[in-house]
Amino acid sequence: MAAPQHVDDNSFNEVVIEAKMPFLVDFWAPWCGPCRAIAPIVEELAGEYEGQIGFGKLNVDENPKSATEYGVRSIPTLLLFKDGKPMTQIVGLRSKAELKKHLDASLT
Amino acid sequence: MGDPYELIIIGGGPAGLSAGMYAARSRLPTLLIERAMPGGQIVNAELVENYPGFPEGISGAELASLMERQATKYGLEISVAEVDGIEVAGEQKTVRTSEGQYHAKALIIAGGSEHSKLGVPGEEELRGRGVSYCATCDGAFFRDQVIAVVGGGNIALSDALFLTRFASKVVVIHRRDQLRATRILQERAFAQPKIEFLWDTVVKSIEGNSEVRQLRLMNVKTEAEALLEVSGVFIAVGLRPNTGYLEGVLALSPEGFILVNEQMETGVPGVYAAGDIRAGSPRQVSSAVGDGATAAISAERYLSSI
């Protein structure tokens, strides 16, 4: 099963912006309880959407540049990119069903 | 879908996990349905200081994972799904979820509550861009900045105290002239030089283009308006119950909490409520845990009587 790959400030452009598929980035930090809660959901989705949507995790503590660039001031935030542009911003803990709706929308 | 269970518990916070542990130890085939991850509201708590047995306090996330371990150790089954509705007429109850339907003879509803919104312009638009409902999640984004906390209860003051680690100043905005929060938190907040209070004040709107820049405030006594420049606002104005799908199914209080008696019975045979979601709950981890135990014992008694 495909696990979300680790994305950092240096690799962001190459991995996320230049991705051929839609790409979901999970902005998180180790001190954030709800981030720990959403992580396993994102992992499951990475498996279910393998080959259709790319998945990554970005630690905002270690990579403040990307978080600032995309105006992330709340975590967990999931940013869904399509064609190199942020398409949907999902803030806070959400159910898997709700996340799937956003992911499916990016595939149409 | 699935084998028929004796008991289904909706919600995996302290009330649900406590009920699940009791039920599992009674060897009742029990399913707990949680929409995200066990723990509920406490996963947002940096430190839980008022749960007996942890004199140094314990992080909410750690306490949640210990409670989960203790419940599953005895065989509690946990599924992740979002509940859309329940059917409670007759002996067999049905729980409709995002992942399908589940059936059991008894239900314990322990779905907890969510933070209330202020309901002012700008709140929704600037969520995640300076508007936050979780200080432990987002505090670190506001290093050396001026931020506001709206509310006067325990969560508001805990948030304000936590945020002083990062912010240069924390302004607590409260609509009354005294706090609801417990005394020890008030003492700490009044002693913290970075915290200022604005009394008798409400937020009229949250303003900013791509991120929060200022709050439009009004003094409720004088009706004078004022602007406060902040880069973030943390909203802690109370909790509302997750009972939208229960309207017309169970008896609810005017605020939407489930009405129960002291056995946690809802009035529908075999259906119980526990924790923050029930009317009159003091909304503490310790009271939720007690409710969960009471509800599980009531459910067990009901199941052996039918």
Side-chain angles (χ1 to χ4, degrees), chain A residues 9 24-48 57-80 85-104, chain B residues 12 33-48 59-65 68 79-84 97-100 114-115 124 126-143 145 147 162 165-166 208-212 231-234:
Chain A
D9 282 345
L24 183 110
V25 185
D26 174 8
F27 290 80
W28 72 286
W31 33 261
C32 155
C35 297
R36 266 174 285 198
I38 208 166
I41 303 176
V42 173
E43 269 170 41
E44 283 180 29
L45 291 170
E48 290 175 27
K57 288 168 73 79
L58 182 131
N59 180 329
V60 298
D61 257 356
E62 292 164 3
N63 302 285
K65 196 173 130 242
S66 303
T68 309
E69 189 171 338
Y70 291 98
V72 173
R73 304 203 91 188
S74 187
I75 48 171
T77 283
L78 304 179
L79 260 182
L80 183 56
K85 294 192 181 65
M87 178 181 149
T88 311
Q89 182 182 21
I90 306 156
V91 180
L93 189 52
R94 302 299 171 94
S95 70
K96 190 173 166 186
E98 194 182 340
L99 296 179
K100 286 177 86 152
K101 279 183 207 150
H102 289 293
L103 294 176
D104 291 338
Chain B
I33 302 174
E34 162 60 37
R35 67 175 159 176
M37 184 201 182
Q41 293 273 343
I42 61 165
V43 301
N44 290 343
E46 190 225 358
L47 198 64
V48 176
S59 88
E62 169 80 13
L63 183 57
S65 98
E68 180 191 4
S79 277
V80 175
E82 177 114 30
V83 174
D84 302 320
T97 78
S98 55
E99 312 297 311
E114 274 192 336
H115 51 76
E124 205 54 49
L126 293 166
R127 170 147 199 216
R129 296 179 173 274
V131 174
S132 174
Y133 303 89
C134 177
T136 53
C137 309
D138 305 335
F141 291 105
F142 299 91
R143 278 200 176 87
Q145 298 173 37
I147 54 183
F162 175 76
R165 295 184 192 184
F166 309 104
N209 284 323
S210 58
E211 43 191 39
V212 172
S231 51
V233 53
F234 288 78

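As the structure is a prediction and not an experimental result, all values here were calculated from the model. All chains are named by letter (A, B, ...) in the order of the sequence lines, taking the proteins before the strands, and each is independently numbered beginning at 1.
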Novice: A:Pro34 and B:Asn44: which non-hydrogen atoms are nearest, and at how many Å?
Specialist: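 Minimum heavy-atom separation between A:Pro34 and B:Asn44: CG-OD1, 2.8 Å.
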Novice: Would you mind checking which part of B:Ser231 comes under 4.5 Å of any heavy atom in chain A, side chain (CB onward), backbone (N, CA, C, O), both or neither?
Specialist: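 Contact with chain A: backbone and side chain both.
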Novice: Using the ring pair (Phe, Tyr, Trp, His ring centres under 6.0 Å) criterion, which residues pair with B:Phe141? Sequence neighbours excluded.
Specialist: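 In terms of ring pair (Phe, Tyr, Trp, His ring centres under 6.0 Å), with neighbours along the sequence ignored, B:Phe141 is linked to no residue.
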Novice: How close do B:Ser98 and A:Ala97 get, counting heavy atoms only, and between which atoms?
Specialist: CB-CB, 3.9 Å
Novice: With sequence neighbours left out, write down each residue that passes side-chain hydrogen bond (donor to acceptor under 3.5 Å, both in side chains) with B:Glu68, or none if nothing qualifies.
Specialist: none
Novice: Where do B:Asp138 and A:Ile75 come nearest, in terms of heavy atoms and distance?
Specialist: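 In terms of heavy atoms, the two residues are closest at OD1-N, 2.6 Å.
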Novice: Is it the side chain or the backbone of A:Ala29 that comes within 4.5 Å of chain B heavy atoms, both, or neither?
Specialist: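 It is neither, since no heavy atom gets under 4.5 Å.
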Novice: For A:Tyr70, which atoms come within 4.5 Å of any heavy atom of chain B: side chain, backbone, both, or neither?
Specialist: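 Backbone only.
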Novice: Does B:Glu114 have more than 12 heavy atoms from other residues, nucleotides or ligands lying within 6.0 Å of its CD?
Specialist: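 Yes, CD of B:Glu114 has more than 12 neighbouring heavy atoms, counting only those of other groups under 6.0 Å.
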Novice: Which one wins on heavy-atom pair count under 4.5 Å against chain B: A:Pro64, A:Ala37, A:Cys32, A:Pro76?
Specialist: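 Among the listed options, the one with the most contacts to chain B is A:Ala37.
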Novice: Pick one of side chain, backbone, both or neither for B:Ser210, based on which atoms fall under 4.5 Å of a heavy atom in chain A.
Specialist: neither
Novice: Quick check on A:Ser95 against chain B: is it the side chain, the backbone, both or neither that has a heavy atom closer than 4.5 Å?
Specialist: both
Novice: With a 4.5 angstrom heavy-atom cut-off, is it the side chain or the backbone of A:Leu93 that approaches chain B, or both, or neither?
Specialist: side chain
Novice: Could you report the tightest heavy-atom contact between B:Gly128 and A:Gln89, atom names first, then the distance?
Specialist: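 For B:Gly128 versus A:Gln89, the nearest heavy atoms are O-NE2, 4.5 Å.
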Novice: Between atom CD of A:Glu98 and atom CD of B:Glu82, what is the distance when rounded to the nearest 0.5 Å?
Specialist: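 If I round to the nearest 0.5 Å, the distance is 7.5 Å.
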Novice: Between B:Glu211, B:Glu46, B:Arg35, B:Arg129, which has the largest tally of heavy atom pairs under 4.5 Å with chain A?
Specialist: B:Arg129
